[in-house]
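Since the structure comes first, as structure tokens, the remarks are kept for the end.
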Amino acid sequence: MEPSHPQMLKAIYRRWRAKRMGHDMKDQYQPIYTWRETWPGEGHQDFSGFDGDQPFGRVELENAADLKPGMWKWNATHLPWVRKEIMPRSGSEETSREACRRVEEHYKKLKAVHGR
């Protein structure tokens, strides 16, 4: 599925903004798994991570009503095969990429502990 025109513009803007702020996109974490909008078409900064068809986590931008506005909160979702939890299973990061990294690392640890 090709990105829509607004999505392409957002991606271009993010790269421009990152460069302007002194961040090189090559230095940012590159997600390993697939990330999709949790509520497609509604314009929320809310994404779910998938390993194939298996959802494993979520990241979302906290708004002004939340405890840490402007931060990206991350959390691991319930997986039916998990018998031993690993903590922490949620937290906050300054960027969406870092929040994705935390969820993906948590998921990889769970898979290793459970022999998957």
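The structure displayed is predicted, hence computed values, not measured ones.
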Contacts table for residues 105-116: side-chain donor-acceptor under 3.5 angstrom, sequence neighbours left out:
residue: E105; atom: OE1; partner: R101; partner atom: NH1; Å: 3.0
residue: E105; atom: OE2; partner: R101; partner atom: NH1; Å: 3.0
residue: H106; atom: NE2; partner: I86; partner atom: O; Å: 2.9
residue: Y107; atom: OH; partner: D51; partner atom: OD2; Å: 2.7
residue: K111; atom: NZ; partner: D51; partner atom: OD2; Å: 3.3
residue: H114; atom: ND1; partner: L110; partner atom: O; Å: 2.9
residue: H114; atom: NE2; partner: R83; partner atom: N; Å: 2.9
residue: H114; atom: NE2; partner: K84; partner atom: N; Å: 3.1

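- F50 and W39 fall into different hydrophobic clusters, defined by Ile, Leu, Val, Met, Phe, Trp and Tyr side-chain heavy atoms under 4.5 Å apart, directly or through other members.
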Is there a side-chain contact (heavy atoms from CB on, under 4.5 Å) between F47 and S96 once you walk through the steps?
-> CA-CA 9 Å; F47 303 90; S96 60; over 6 Å; no
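- Counting heavy atoms from C-beta on, the side chains of W81 and Q54 come closer than 4.5 Å.
- A 6.0 Å sphere centred on CD of E85 holds more than 12 heavy atoms belonging to other residues, nucleotides or ligands.
- Side-chain contact between V103 and Y33 is absent, with no heavy-atom pair separated by less than 4.5 Å.
- Separation of atoms OG (S92) and CD (E98) is listed at 13.0 Å; rounding is to 0.5 Å.
- The two residues P88 and R102 come nearest to each other via the heavy atoms CG-NH2, 3.8 Å.
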Can you give the donor-acceptor pairs under 3.5 Å from side chains of residues 70-79 to other protein atoms, not counting sequence neighbours?
residue: T77; atom: OG1; partner: F56; partner atom: O; Å: 3.3
residue: T77; atom: OG1; partner: G57; partner atom: N; Å: 3.4

Criterion side-chain contact (heavy atoms from CB on, under 4.5 Å) on T38 and R58, from CA distance to verdict | CA-CA 8 Å; T38 304; R58 190 167 163 190; 4.0 Å; yes
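- With sequence neighbours left out, the salt bridge (Lys or Arg N to Asp or Glu O under 4.0 Å) criterion links E104 to no other residue.
- Defined by atom type and a distance below 3.5 Å, a donor-acceptor pair is missing between the side-chain atoms of T95 and Q28.
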